[in-house]
Amino acid sequence: MSAAITSLIDGLNPQQRAAVTATEGPVLVLAGPGSGKTRVLTHRIAYLIREKNLHPSALMAVTFTNKAAAEMKHRVEGILGDRLKGLQIGTFHSICARLLRREAESTRHRNDYLIYDTDDQLTVINQAMTEQNIDDKKYKPRAILNAISSAKNELTGPDAFIAQGYMAEVTRRVYQRYQEILISNNARDFDDLLMDTAILFRDHPDVLEKYQQFYEYLLVDEFQDTNAAQYYLVKELAAPQNNVFVVGDEDQAIYAFRGADYRNVLQFRRDFPQAQIILLEQNYRSTQVVLDVARAVIDKNSNRTRKALFTERQGGTPVQVFEAYSDSEEAEYVVTTIEEQRRKLSLSYKDFAIMYRTNAQSRAMEEACIREGVPYKLVGGIGFYKRREVRDLLAYLRLVNNLDDSVSFSRVINIPKRGIGKKSVEDFQAWAAKNRYTTSRALEALADGEVTPLNSSAVKKFIEFHRMILEWRQEASSNNLAALLDSILIRTHYTMHLQETSDDNEQFMEREENVKELRGLLDKNIGMPLNEFLEEIALVADIDTVSDALDAVTLLTLHAAKGLEYPVVFLTGLEEGLLPHMRSFDEPEGMAEERRLMYVGITRAMQRLYLTYAFRRLMYGDSTPGRPSRFLADIPLDRVEGAPSKMLQNQSRRSFEAETRWDDSTERRSGSLLAGLGRPNKPASLPAASAPKKENLKYKTGQKVRHAKFGEGVVIHSLRMGSDEEVTVSFSDKKIGLKRLAASFANLEILGEK
DNA sequence: GGGCCGTCGCTTTTT
DNA sequence: GCGACGGCCC
């Protein structure tokens, strides 16, 4: 063994070493969080290239995000010290997208096909529904889209879709038409990228064989989050040698909603009984305290391989729990704590992450960051490519690339205003559909003077628009995309349009800035064919665009946090209905996934972990009461420390004791702060709000009250304590904050309902 | 065809 | 609390 090889496996533990060097045949690695799985993957790639003398192009590595792919490539280059020409590394979607372009002649699309995102998909769904007179009040387009997406992820095409029941029949009809429109538009949705590749392999054994021979070794990361289509692709490509290496952790499966099925891990063992199974159990990321908390949460899930995660980093700072009155107080606490800890521990802003279940929760955090002057970077939310002006201009670019894209066509045909209204566009599309014309064919027919239901002035405007696009098409062939965008901006007077449609100057400037940013992006990619540029931006994930260089706090959803790590992590909004999310209350599998989500969040923390929740939270514009998440009740008390404020500390401690103690007596909980813990319960029936009425208590949640000494405040909740009533009040004087008072002594004056 | 204004529904999570 | 959409009027 050469010195270079030894250094490749030096510093790896025996299990990691086994995973790196087990090159032949199927291998399944079950890797706990922080167990050095990326290290294993990169070293394995390097090992295959160095030791097995493999050409990089004979390797295919699938990662979960483009960011992870880029990082992996970078790290392998760091090990090998040279370029990895031809190494295929990327997400399933990006790898399939490229493959489908290369093999276009064996598919139903041309190689300049477009990739539709969710908004585009909904436009097509709506069109398909309108055409068939399906009421979108009765059948939610979004639900139908989800059903179609699930079907595709199971590799069920529109013809194989069997409808049982009325809803399914509606779905079947929409699916049928939806797919026709996509093909006619020369467009694919995300799921088609996978399904069409699978179909290609099924119907063209010669093509499949070519790739089977080309890719001698396969590696798949985050295997627990693969769906049926992806698993099919892995299995097909791996054959016949089956040099397939998959890494996953069932406890981190959090994408069932998009068709992922962690049982693929079990399926893999069944399909490859000769597979080597390697467990990575040593954690190099977190302290023992963090791991204890993580374990306490995940151990409540059944049907899993229990792993004995361990670390050599004994001890650690106890997990801090903070109970806030409102979402804004929670945010304030998080941000001021970051500032305080950053100074105390000499950390950078980028060492901190704030995590939450839903994107909507980012708002309060952002506002607090702005107030406190803490720099932050937001992952997800309304991303750059979702801005109206960016979408408009991209629609022009997409049309230039592919004039059959009816979605982009109907988006910009009247932007800026050209006097072509909704009615004209609908008539045009209906006429095109009736004649089975694609959009470009229909436009040509108009120019040829074919009889249409449109009036002559409308026809003239359509023809004019068509000509304009064709001219840009000429320009696009030079691959100077920034110049092309300039032509579009000038010819359409787009800036003027922006000015006219902006509410104020501030909004106008912001939008113009976005246009400039898009132009900058096009300029950076000078020489890149338009189609490739469009493909690239269609497949970027929010997380891909986050800069590591920027020193700022990261705000992200728990889903986006997968695979990342931070010295200090804040898990926020730990409330019933949020985490676990109310949408998972009625399915045990959904609840188990929420728990895994919590587990993923906890295990991102290297040194310090903060868990926070709020009594009241702004939802849909008004404040609604909440209760601490049931998952908090599973955390061992001796790993936890209360909030810094003395009073809240007591409150918090009491809550936790209460939770653990009352875990098996649901009845006693009603009317208490922790009512309903451990039991599915819709926030609509929150005992905090409804129980006092039932028990005929004097004070009700939300009431404004005055105390002789503490001043004015709001009742958080009230509960019967023997013959007396215990009222918890949040006083407007911040120094007083929350108080628990005995009603008979406190003499609270009721000032009215909120 | 276009602009204004009121109603409604909404939120998981994402390639 | 906000954006999408439908109804209404010019």
Side-chain angles (χ1 to χ4, degrees), chain A residues 62-69 90-97 115-119 121-123 126 136-137 140-142 145-146 149 152-153 188-195 222 225-227 229-230 253-260 355-363 379-383 385-386 388 414-427 455 457-458 461 500-501 503 535-544 556-562 573 577-585 587 590 593-594 596-598 600-601 617-624 683:
Chain A
V62 188
T63 57
F64 201 68
T65 62
N66 294 304
K67 191 186 182 189
T91 63
F92 274 107
H93 289 88
S94 66
I95 290 172
C96 288
I115 299 168
Y116 277 0
D117 68 13
T118 313
D119 286 344
Q121 286 179 284
L122 282 170
T123 309
N126 280 317
D136 66 356
K137 294 272 181 304
K140 295 261 171 300
R142 189 74 236 195
L145 178 56
N146 283 341
S149 176
K152 287 184 175 180
N153 286 327
R188 285 189 167 100
D189 64 23
F190 290 128
D191 307 315
D192 285 336
L193 297 174
L194 308 175
M195 185 171 74
E222 305 286 7
D225 280 319
T226 51
N227 61 34
Q230 291 165 334
I254 53 173
Y255 280 95
F257 71 91
R258 69 177 208 212
M355 299 175 190
Y356 36 77
R357 178 65 174 83
T358 68
N359 281 306
Q361 290 165 253
S362 73
R363 194 167 172 163
V379 182
I382 331 112
Y385 295 110
K386 292 228 164 71
R388 198 158 69 202
N414 203 31
I415 289 178
K417 301 257 170 297
R418 293 188 182 86
I420 301 173
K422 216 176 133 196
K423 185 71 172 46
S424 299
V425 179
E426 261 169 29
D427 288 349
N455 65 44
S457 80
K461 288 169 189 161
E500 282 164 3
T501 54
D503 296 337
E535 178 182 298
E536 221 176 271
I537 61 171
L539 295 176
V540 293
D542 295 320
I543 192 77
D544 298 336
L556 75 181
T557 63
L558 288 163
H559 283 90
K562 193 169 74 156
L578 224 40
L579 187 69
H581 197 273
M582 54 187 290
R583 299 277 276 238
S584 5
F585 278 174
E587 320 119 51
E593 181 145 321
E594 296 292 308
R596 293 193 290 267
L597 213 38
M598 173 99 175
V600 167
R617 186 170 293 278
L618 228 47
M619 276 176 117
Y620 307 129
D622 52 24
S623 172
T624 42

Student: Any protein N or O atoms within reach of nucleotides 13-15 of chain B? Criterion: under 3.5 Å, listing atom names and distances.
Tutor:
residue : atom : partner : partner atom : Å
B:dT13  : OP1  : A:N359  : N            : 2.6
B:dT13  : OP1  : A:N359  : ND2          : 3.4
B:dT13  : O4'  : A:R357  : NH1          : 3.3
B:dT13  : O2   : A:R357  : NH2          : 3.3
B:dT13  : O2   : A:H559  : NE2          : 3.4
B:dT14  : OP1  : A:T557  : OG1          : 3.1
B:dT14  : OP2  : A:N359  : ND2          : 3.3
B:dT15  : O4'  : A:R258  : NH1          : 3.3
B:dT15  : O2   : A:H93   : NE2          : 3.1

Student: Search all heavy atoms of A:I415 against all heavy atoms of A:R418 and return the closest pair with its distance.
Tutor: O-NH1, 3.5 Å
Student: Rounded to whole angstroms, how far apart are CG on A:L618 and C1' on C:dG1?
Tutor: 8 Å
Student: Under 4.0 angstrom, heavy atoms only, what part of the nucleic acid is A:S584 near: base, sugar-phosphate, or nothing?
Tutor: nothing
Student: If I compare all heavy atoms of A:T91 with all of A:T65, which pair ends up nearest, and what's the gap?
Tutor: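 Minimum heavy-atom contact is CG2-C, 3.5 Å.
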Student: Map A:K140 and A:K423 onto DNA chain B by nearest heavy atom, then report which one ends up closer to the 5' terminus.
Tutor: A:K423
Student: Answer with base, sugar-phosphate or nothing: what part of the nucleic acid does A:D622 contact at a heavy-atom distance below 4.0 Å?
Tutor: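 Nothing: the residue A:D622, judged by heavy atoms under 4.0 Å, touches no strand.
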Student: Do NZ/NE/NH1/NH2 and the carboxylate oxygens of A:E593 and A:R596 come within less than 4.0 Å?
Tutor: yes
Student: What is the distance from OH of A:Y620 to P of C:dG3, rounded to the nearest Å?
Tutor: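 Those two atoms, OH and P, are 16 Å apart.
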Student: Nearest whole angstrom, please: distance from the C1' of C:dC5 to the CG of A:L122.
Tutor: 15 Å
Student: Just the rounded figure in Å: distance from C1' of B:dG9 to CG of A:D136.
Tutor: 12 Å
Student: If you pin A:K137 and A:H581 to their nearest nucleotides in DNA chain B, which one's is more 5'?
Tutor: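 Its nearest nucleotide lies further toward 5', so the answer is A:K137.
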Student: Of all residues at least two apart in sequence or in a different chain, which pass the ring-ring contact (aromatic ring centres under 6.0 Å, His included) check with A:F257?
Tutor: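 For A:F257, the residues satisfying ring-ring contact (aromatic ring centres under 6.0 Å, His included) (neighbours in sequence not counted) are A:Y255, A:H559.
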Student: Using the test side-chain hydrogen bond (donor to acceptor under 3.5 Å, both in side chains), find all partners of A:K140 that sit at least two apart in sequence or belong to another chain.
Tutor: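 For A:K140 there are no side-chain hydrogen bond (donor to acceptor under 3.5 Å, both in side chains) partners, ignoring immediate neighbours.
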Student: So does A:K386 pair up with A:D119, basic N to acidic O under 4.0 Å?
Tutor: no
Student: Rounded to the nearest Å, what distance is computed from the CZ atom of residue A:R388 to the C1' atom of nucleotide C:dA4?
Tutor: 11 Å
Student: Return the value, rounded to whole Å, for the distance between atom CE of A:M582 and atom P of B:dC10.
Tutor: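 Checked: the CE to P distance equals 11 Å.
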